[in-house]
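Below: one structure, written as structure tokens.
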Amino acid sequence: MFFEKISDEWKKSIEDGLKEILSCVDFPAITRTVPPKSELGDIAFPLFPYSRIARKAPDKIGEDLLSYFSSHEHPEGEMNVTGGYFNVKIDVRSFFAPLFAFVKEKGDEYGKNESMKDKKIMLEFSCPNTNKPLHLGHMRNDSLGEAVSAILKANGADVMKVNLINNRGIHISKSMLSYKEFGNGETPESTGEKGDHFVGRYYVLFANWEKQVNKEIDELRKDGREEEAKALEENHPDKRAQEMLRLWENGDKETLELWKKMNDWTISGLMESYEDTGISFDRIYYESDTYKLGKSEVLKGLEEGIFEREEDGSVQIDLKEINLDKKVLLRKDGTTIYITQDLGTAIKRHEDWAFDSLIYVVASEQAYHFKVLFYILKKLGYPWADGLRHLSYGMVNLPEGKMKSREGTVVDADDLVHELSELAKKEIYDKERENVLENVEETAHSIAISALNYYLLSVSPSKDMIFDPKKSISFSGNTGPYLEYMSARISSILRKAGERKEGFDPHLLTVEDEKTLIKLIDSYPSVVKEAGENLDPSLIASFLYDMAKTFSHYYHDNTVLGKDKDLMNARLCLSEAVLITMKNAFSLLKIPYLEAM
RNA sequence: GCGUUCUUAGCUCAGCUGGACAGAGCGUCGGACUUCGAAUCCGCAGGUCGUAGGUUCGAAUCCUACAGGACGCGCCA
């Protein structure tokens, strides 16, 4: 904001100065950087690129600029030339009074901007299956979805969060069949399990069952009992699941009833998890409603000659334009596949809500799918296809490698949240904070959520990340709870200060950390903007850590609530601005703000 | 085989629209609570920025090749 403005003015002035010194207009663009040491200044302009044109050493050009400015107007700031750089030192206190007034007036709104005003952005994330509970992989997806949506909103966009629940298909039939076979009529109510875990258990049971049958078949074959092996093969769980899917698609009443019952169990469990971790959606789509969409679109494209019908009857598109092979869009029996459905779903969504942009938050393993999907939609002539984007993120792995459900290494979301909450609770009792807190359970839960969200969001989305369940759940160092702790401390200081008089003298703030904090507060809106442009919450995370660390260093060495009332007042204003900024950044990363912890 | 992507300290990660000696956290070791909350702070040690070239006044950052890892290239989703 203020600093940026001054910096821009300096850039312009230096450009003018260089024009005169170099006596030409055509020279490399002026770049800015930050000096390595604060004593050198706040903005640095490298002069090396002009050395050749001027046939002078960079420092000499700097000297020329200094003498140029001695006779020309220049923005505020002290100048010096060192090591080929033209440095400017700015007294940031000069704008802290208006900055503070602005931050205070904006409050929760500080940091918001209108760079994406009038943009309608739909964001798809989560997309769980209804055959098992959420795991750590989903959590990265959900955290990213929520954070990106909050960041886009902060940039002024109109955001709609959507979820597509995969509630049909062979994997769903498997858990249904397994329940039918082994369920004995038990229900989540009768066993006291959460619905998604209940159904997930039957899905695992199916996998074991399948393994068992395969083993039996092998053994029969080994004994030469081919007839019996064949009989068993005929009745293989896989085959029966396929049959069940056919029944489902044909609308078999009994199958549909079972499907509906089990789906409701899972979905209510998933919703509970969402609620627990602060995930919400503006609209939920169900695959059972959308899976037939897209077929007519493909047939239309076929008529228009965009797609081709192969000899075997399937419909395909040739992707040589984007250096890929052919891709099937309709099976030879005329049924749709995954990408066909996604085509239809995208079109339906645009009919439902005419977005400018649709962002899919999906793991990087599906990059190919989205490349093809976007290409086809563009081919079909949808102008909004240019606004489609795949926010691709890396895998969450364990120190031993990939999470594998077969090996039981999948980190369950509910378990993880529970475990973290328990740890936080233990911490609270260890520190004997239980009497200070209004609600220990709630506070512990908030701490758990902050730890998770911050951990998952502080890594750049595109990168794979490693989650070590033992080490990753620490609450000290660069963690969510650390940030919460800092903000709670500031809030505690402000509470202790009580009422204070209007106005303050920013020039009393002479400590280096104070200067750094003012610059950080001032830069927050542009960080929000950058995070929005790059769809990258980790930028907010880095910002928050910088701010918290600077403040904690600052108030460790300096007393805010001192005897000098004027100094105290100035420092309180600074602390308050820091707190407002941190709180706003918290809300973008879904880190709960705690008055006390 | 082709494509996408990643490789920075013992570990987990920042830094990447090129700029002044490469930064944190964890872990190790050592300090700091009669003083605004020690979930904190300070210090020590720890790095050929995967390798080799190239572009440039200047490269962790851009380009190329190579090595290693991950993911993809289904009429699965």
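Chain identifiers are assigned alphabetically (A, B, ...) following the order of the sequence lines, protein sequences preceding nucleic acid strands; residue numbering begins at 1 within each chain.
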Taking atom P of U56(B) as reference, at what distance in whole Å does atom CG of Leu47(A) sit? 21 Å

Assess the side chains of Ser7(A) and Arg32(A): does a donor N or O sit below 3.5 Å from an acceptor N or O? yes

Take atom P in G23(B) and the same atom in C29(B), then report the distance between them in whole Å. 26 Å

From A14(B), G37(B), U40(B), pick the nucleotide closest to the side chain of Met597(A)? G37(B)

Over all strands shown, is Ser474(A) touching base, sugar-phosphate only, or nothing at heavy-atom distances under 4.0 angstrom? nothing

For RNA chain B, find the residues of residues 49-64 of chain A with a heavy-atom distance under 4.0 Å and give them by number; none if there aren't any. Pro49(A), Arg52(A)

Report, as a single string ordered 5' to 3', how protein heavy atoms within less than 4.0 Å touch nucleotides 59-65 of chain B: B base, S sugar-phosphate only, - not at all. -------

Check every atom of C41(B), C36(B), A20(B) against the side chain of His556(A) and return the nucleotide holding the closest atom. C41(B)

Does a salt bridge link Glu427(A) with Lys431(A), judged by any charged N lying under 4.0 Å from a carboxylate O? yes

Return the set of residues passing salt bridge (Lys or Arg N to Asp or Glu O under 4.0 Å) with Arg240(A) (not counting sequence neighbours), or none when no residue passes. Glu181(A)

Residue pair Leu579(A) / Tyr593(A), side-chain heavy-atom distance below 4.5 Å: yes

Regarding Arg571(A) and Asp564(A), does a basic nitrogen lie under 4.0 Å from an acidic carboxylate oxygen? no

Per the atom types in the model, does the base of A77(B) pair as donor or acceptor with the side chain of Asp342(A) at under 3.5 Å? no

Just name whichever nucleotide pairs with G37(B), Watson-Crick or G-U, keeping both distances under 3.5 Å, else none. none

Which nucleotide, C36(B), G25(B), A20(B), lies nearest any side-chain atom of Ala44(A)? A20(B)

